[in-house]
Structure formats: C-alpha cells, structure tokens
Amino acid sequence: MNILGIESSCDETAASVIKDGREILSNVVSSQIDIHTLYGGVVPEIASRAHTEAISGVVSEALKPVGGMENIDVVAVTNAPGLIGALLVGVSFAKGLAFSSGKPLIPVHHIRGHVAAAYLAHPELKPPFIALIASGGHSHIVFVEDYTKYRILGRTRDDAAGESFDKAARVIGLGYPGGAKIDSLAKSGDPYAIEFPKVYFKDAPYDFSFSGVKTAVINYAHNAEQAGRELNKADVAASFSRAVCSVLTEKATAAVNDLAESLGAGKRLVVAGGVSANSVLRSYLARSAEKNGFALYLPPLSLCGDNAAMIASQGYYEYLSGNIADESLNAYATKSIEE
Ligand code: KG4
Ligand code: ZN
C-alpha cells in the first residue's frame, strides 16, 4: 500500500510516499529557513504564504517515483498541532487531492509522526515502547502502547526543549534556527564553564521545565554586558547544552529504568523530534543506554526535523486503525498526542 504524506505545520513544506508504513519511496522537504532568517524566527503569515507557493511542486516531486496519484492508496496529512494557517494549507491541499482522486484522507498528529520516524529507521521496531520526544513545541516522555495509543508519562510545564534552544540562541546573538547553531558552537566551548539550572519535580519525576535555564542565559548575558565583559558564546552554548541535554537524558533514563518492565515496554528508548539531532543529546543518551543496559533508537539526522515521510508512516497505522476523515476535516493549533 502506498501512502502519500503531506506536512506543513511549521516552516517546512514536505511530501513523501511510503510503502506499507516502513519503506521510503520519496521524501521531499522544502525548507523556509532562508525566508525566516531575515526576521530571526518563523513569521506565521509568511510561513502560510510560502507553503501555498511550494506545496503543489513539492507534492508533484514526491509523486514522481510512483508515477502519480493513480498509484497512491491513501492521503495522509498533518492536521495538528502547529501554526494554524500553515496547517490549513496542507489540510486543504490534501482534501482536494483525496476527494478528486477518490482516496481515503487520514489526519495525522504531528508528534505521533515524529515517533513514526523510528519505524522508518528501524524496521524491526514495534510498540509498546517508551519514547522521549523533544521538538520546538513539545517535550514529552510517552508510553507508546500501540501505533495509535499513547500515554503521556511526563511533559514540560513551560517551554519545550527546542524552544529553549531557540531562545538561548537569540539571546547570545546566534539567530534562527537556534538549535543547530548552538549545537555547532557548543563543540568549541567548555560545557562545565557555567552552571545553568536543572529543574526536578519531587512529585513528577518525568516532567520538565526549561524556562529557568532560558532566564539564566538571559541573566548571564546581561551581567556580562553590564560588567563590560565579553561573552564567551561557545562556553554559554556548551554549558546550556549540557544543562538541557543532561536533564532530558536523566529523566528519559529514569522512565525506562522505573517503568519499562511494569508497562511491558521492553528495556528500550525511542527518541524523536527536532532536538534529537543534537550531538550532545545523542552522545549523552548513548552513554546512558550503555551504562543502564537499554536499547536506544535514535532517528537518522535526515528524519529528526520535520518531514512528510514520518507523517505517511504514521498515516499508514492511523488508516489501519480506521482513523479516516471526511471533507469536514479541520486543522488544530493544539491537540494532545493522546486524543
Ligand atoms: O521537530 P521540529 O523540527 O519541529 C517541531 O515540531 O517543533 O523541531 C524543531 C526544533 C527547533 O526548536 C530547533 O531549534 C530544534 O528542534 N533543533 C535542535 C537541533 N536541530 C533542531 N536543537 C538542538 N540541537 C540541534 N542540532
Ligand atoms: Zn516537528
């Protein structure tokens, strides 16, 4: 079965064709980074317009290897969560395509899609498992009980991990897209130069909070400016990365150690979302997996950020579970992964 996936929830217009949920036949991503760089972040109105301009060409390109819509069985589209105007471009386009070709239309939750990137990278992987999801809008530890059944074990109480990378990058003048820029600058800095805060909750060991570390970076930069000291940006980037990535690693590790057995999830951790591209996080998680004896499923760098292959993969499993939409399908800026 061939699934066409369409993704437009933020700043990438993407389309992909996946066979049987696991095999990538095409994967086209058109990034808007150049446009938004001018403004230091994603401008929602501009994103919607850029999606509108790109979507037709991106979908045509993705369809080329299979010959066209006649060889597509199902159309899957991200309909939540994300920038509402951006989501609506993909949803409207997918609706038109599905109903003009008579193919089923499948709504896909964007964060469920990120988890499904693991199915593409690791063909033997099947739920149940525990997943750490760290993206620009979400930081979750979830129990993926089945392909379409999720339970949140921990979540951020304020900023998402990716959001904190983006904000820290802005404060020290690196600009957009912040996560990748902090990641590369951190390589030349000292991760132990500055002690940035890490937050733990007694009653919720798998919950996160990243607003404190962001504020600490702001204060550190201000203090340096007021004292006339030159900011060592590489040390800030490295120390910030250590604070955020060690908390993500510790709490995900604790969830696997504490809960994997009782949940019947297997001693393993699946990692998903844009922040899973981070080199510090990847090395901390690898070290923890070795030390604690769990299997680690990291997505390849090509599937960490937003793409439509992961949407088509999840779309396949949503289709199998009967989650089929009609022409009234809408887009939603927020929606829980559990719904
Ligand atoms: O999953 P994603 O592409 O989009 C959302 O669903 O939000 O995640 C984007 C987030 C951004 O906050 C970006 O700064 C962060 O992922 N990110 C990174 C890296 N690459 C992307 N954060 C840290 N290190 C990276 N290498
Ligand atoms: Zn995403």
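Values reported hereafter were calculated over all heavy atoms of this structure, with side chains retained and with hydrogens, waters and symmetry mates removed. Atoms within each ligand, like the ligands themselves, are counted from 1 in listed order.
- By the 4.0 Å N-to-carboxylate-O rule, E338 lies too far from K149 to be salt-bridged with it.
- At a threshold of 4.0 Å, the pair E339-R112 does not count as salt-bridged, since none of the basic side-chain nitrogens sits closer than that to a carboxylate oxygen.
- Listed by chain and number, the residues in a ring-ring contact (aromatic ring centres under 6.0 Å, His included) with H109 amount to none (sequence neighbours excluded).
- Within 4.0 Å of ligand 1, protein heavy atoms belong to H110, H114, S135, G136, G137, G162, E163, F165, D166, G179, A180, D183, G273, G274, V275, A277, N278, G305, D306, listed by chain and number.
- Under a cutoff of 6.0 Å and an axis angle of 45°, R157 and F201 form a cation-pi pair.
- Every residue was checked against the side-chain contact (heavy atoms from CB on, under 4.5 Å) condition with S184, not counting sequence neighbours, and none meets it.
- Below 30°, between 30° and 60°, or above 60°: for Y119 and Y147 the angle between ring planes is above 60°, a perpendicular geometry.
- No donor-acceptor pair closer than 3.5 Å links the side chain of R155 to the backbone N or O of D207.
- Pairing each heavy atom of P197 with each of G212, the nearest pair is CG-O, 3.8 Å.
- Between D159 and K167, at least one side-chain N (NZ, or NE/NH1/NH2) sits under 4.0 Å from a carboxylate O, which counts as a salt bridge.
- Listed by chain and number, H110 NE2, H114 NE2, D306 OD1 are the protein N/O/S atoms closer than 2.8 Å to the Zn ion (ligand 2), with waters left out.
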